[in-house]
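Contents: one structure, followed by commentary.
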Amino acid sequence: MVTIKSSREIALMKKAGEILANVFDKLETLCIPGTTTKHLSDVAEKMIRDAGAIPAEKGYYGYPAAICASVNDVVVHGIPSANIKLKDGDIVSLDIVVSYQGYMADACRTFPVGKISPAAQKLIDVTRECFFEAMKIIRPGVRVGDIGAVIQKHAEENGFQVTRDYTGHALGRSMHEDPSIPNYGTPNTGMPLKEGMTVAIEPIILEGRKETRVLSDGWTAVTCDHKLAAHYENSIVITKDGYEILTTNGGKI
Ligand code: MF3
Ligand code: CO
């Protein structure tokens with residue numbers, strides 16, 4: 001279902017996004033050697049609930065945790081665990097959805113743990129750049145294929161691959177609404193976006209081959225070649241002349 005949001009609905013999504021940005025500010029300080037991904041999830045869940053909101057991933061199609069914490073070759077949907085301890089040189093993607101008065105904000109950051117390799121830093125940087133490359137063309141009328149093409153081009157120009165298995169998406173009262181927004185595509189194809197649509201743009205970029213597979217827990221997606229994956233995501237609203245990022249507290253994005 002494609003929906004156009006009222007200014008009231010957009011304000012609620014912004015509030016959800018502000019709570020989420022505050023959570024990232026806190027979790028970034030905890031991405032140090034020795035922290036377990038379970039601890040990151042517990043801290044996030046408490047902050048979200050204390051703010052009067054809900055961690056919407058918990059229970060979504062049976063997903064068992066409040067956040068996704070995907071380390072190194074885990075692409076998406078890493079389940080937080082007391083057995084997964086961050087170590088020097090890791091990268092960890094934290095993908096979180098906050099629901100505030102029934103409205104969702106979805107974002108992801110990939111943080112370094114301790115001192116990481118230049119190759120890992122480049123992957124993190126290019127993944128974030130892919131998002132901002134896409135923002136350069138966002139305005140009413142931009143088509144889904146235009147967005148995917150820009151993200152794919154920037155990733156491939158830097159020697160990386162985009163996943164075909166997970167996509168961005170519209171969102172609002174539901175975590176996933178139509179249209180899907182793949183990280184690859186052909187210009188001038190796909191649905192045109194309109195003012196008032198709210199979408200999550202989420203480059204998921206792989207250091208090696210593009211193939212992924214899901215582990216036997218039914219959730220954890222890993223790269224087939226066990227090379228690194230990075231993920232960067234914000235929820236945005238399409239405005240009259242461009243866009244506004246919803247998942248921010250006015251600080252670093
Ligand atoms: N936050 C993810 C996204 O970017 C979805 C997570 S699936 C869940 O769309 F089961 F963990 F909620
Ligand atoms: Co998303």
Side-chain angles (χ1 to χ4, degrees), residues 1-3 5 13-14 16-17 19-21 23-24 27 37-38 40-42 44-45 48-49 53-71 74-81 84 92-100 102-111 127-128 130-131 134-135 138 144 147-148 151 162-184 193 197-206 212 214-215 217-222 229-238 243 245-248 253:
M1 190 184 52
V2 177
T3 59
K5 274 73 178 183
M13 292 177 71
K14 264 176 100 157
I19 294 166
L20 181 44
V23 170
F24 282 134
L27 295 189
T37 56
K38 166 82 162 55
L40 296 176
S41 185
D42 289 347
E45 179 162 6
I48 292 165
R49 293 196 191 279
I54 292 168
E57 289 176 336
K58 200 171 198 177
Y60 185 74
Y61 288 97
Y63 184 72
I67 73 170
C68 297
S70 303
V71 180
V74 179
V75 182
V76 290
H77 306 161
I79 300 172
S81 165
I84 302 176
V92 57
S93 303
L94 303 177
D95 185 0
I96 306 176
V97 184
V98 168
S99 172
Y100 183 74
Y103 285 86
M104 310 271 172
D106 181 2
C108 181
R109 301 285 180 266
T110 301
F111 293 125
T127 303
R128 182 173 176 280
C130 283
F131 173 86
M135 292 306 105
I138 300 284
V144 164
I147 297 169
I151 292 171
V162 300
T163 181
R164 308 305 197 264
D165 303 332
Y166 302 93
T167 69
H169 48 92
L171 78 172
R173 290 189 72 84
S174 305
M175 192 188 301
H176 296 113
E177 297 181 353
D178 294 326
S180 288
I181 305 179
N183 292 311
Y184 59 94
L193 301 187
M197 287 175 66
T198 46
V199 296
I201 307 287
E202 51 181 312
I204 299 169
I205 308 299
L206 311 182
T212 70
V214 176
L215 300 185
D217 62 19
W219 285 101
T220 312
V222 297
H231 185 180
Y232 181 88
E233 172 179 23
N234 286 302
S235 301
I236 67 171
V237 57
I238 312 301
Y243 68 93
I245 293 179
L246 301 171
T247 39
T248 175
I253 299 179

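Both ligands and their constituent atoms are indexed starting at 1 by order of listing. Computed from heavy atoms alone, side chains included, the values below leave out hydrogens, waters and symmetry copies.
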Just do the side-chain contact (heavy atoms from CB on, under 4.5 Å) check on T248 and F24 with the steps written out, would you?
-> CA-CA 10 Å; T248 175; F24 282 134; over 6 Å; no
Test S235 against L171 for side-chain contact (heavy atoms from CB on, under 4.5 Å), laying out the working first.
-> CA-CA 8 Å; S235 301; L171 78 172; 3.7 Å; yes
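Residue contacts with ligand 1: K58 is excluded, as none of its non-hydrogen atoms falls under 4.0 Å. For the pair Y166 and ligand 1, no heavy-atom separation below 4.0 Å is found.
In this structure, Y61 has its ring center no closer than 6.0 Å to that of H77.
Contact of the L27 side chain with the I96 side chain is registered, since non-hydrogen atoms from C-beta on lie closer than 4.5 Å. Contact annotation: the side chain of L94 never approaches that of V23 to less than 4.5 Å [non-hydrogen atoms, C-beta and beyond].
For residue D106, an N/O/S atom approaches the Co ion (ligand 2) to within less than 2.8 Å. When distances to the Co ion (ligand 2) are checked against a cut-off of 2.8 Å, H169 contributes an N, O or S atom below that limit.
Atoms OE2 of E202 and OE2 of E233, as seen from the Co ion (ligand 2), are separated by an angle of 90°, to the nearest 10°.
Of all the heavy atoms of D106, the ones lying under 4.0 Å from any atom of ligand 1 belong exclusively to the side chain. Counting heavy atoms closer than 4.0 Å to ligand 1, residue C68 contributes side-chain atoms (C-beta onward) but none from N, CA, C or O.
Close contacts between ligand 1 and V97 involve ligand atoms 1 (N) [criterion: under 4.0 Å to a heavy atom]. The distance from ligand 1 to the heavy atoms of D95 drops below 4.0 Å at these ligand atoms: 1 (N), 2 (C), 3 (C), 4 (O). The ligand atoms of ligand 1 that sit less than 4.0 angstrom from a heavy atom of E202 are 3 (C), 4 (O), 9 (O). The contact set between ligand 1 and H169, taken as ligand atoms under 4.0 Å from a residue heavy atom, comprises 3 (C), 4 (O), 9 (O). Interface of E233 with ligand 1, defined as ligand atoms under 4.0 Å from a residue heavy atom, comprises 4 (O).
Residue-environment remark: NZ (K5) exceeds the threshold of 12 foreign heavy atoms within 6.0 Å.
The protein heavy-atom contact nearest to atom 12 (F) of ligand 1 is E57 CG, 3.1 Å. Nearest protein neighbour of atom 7 (S) of ligand 1, counting heavy atoms only, is H77 NE2, 3.6 Å. Counting protein heavy atoms only, atom 9 (O) of ligand 1 is closest to H176 NE2, 2.7 Å.
When only interatomic distances are considered, the shortest N/O to N/O separation between W219 and ligand 1 does not fall below 3.5 Å.
Side chain of S99 to main chain of I54: no donor-acceptor pair is present (N/O by atom type, distance under 3.5 Å, no hydrogens or angles). Here the side chain of R109 pairs a donor or acceptor atom with the backbone of E233 at under 3.5 angstrom. In this structure a side-chain-to-backbone donor-acceptor pair under 3.5 Å is present from R128 to I253.
Results of the side-chain contact (heavy atoms from CB on, under 4.5 Å) test with I245 over N234, I201, V237 single out N234 as the only residue that passes.
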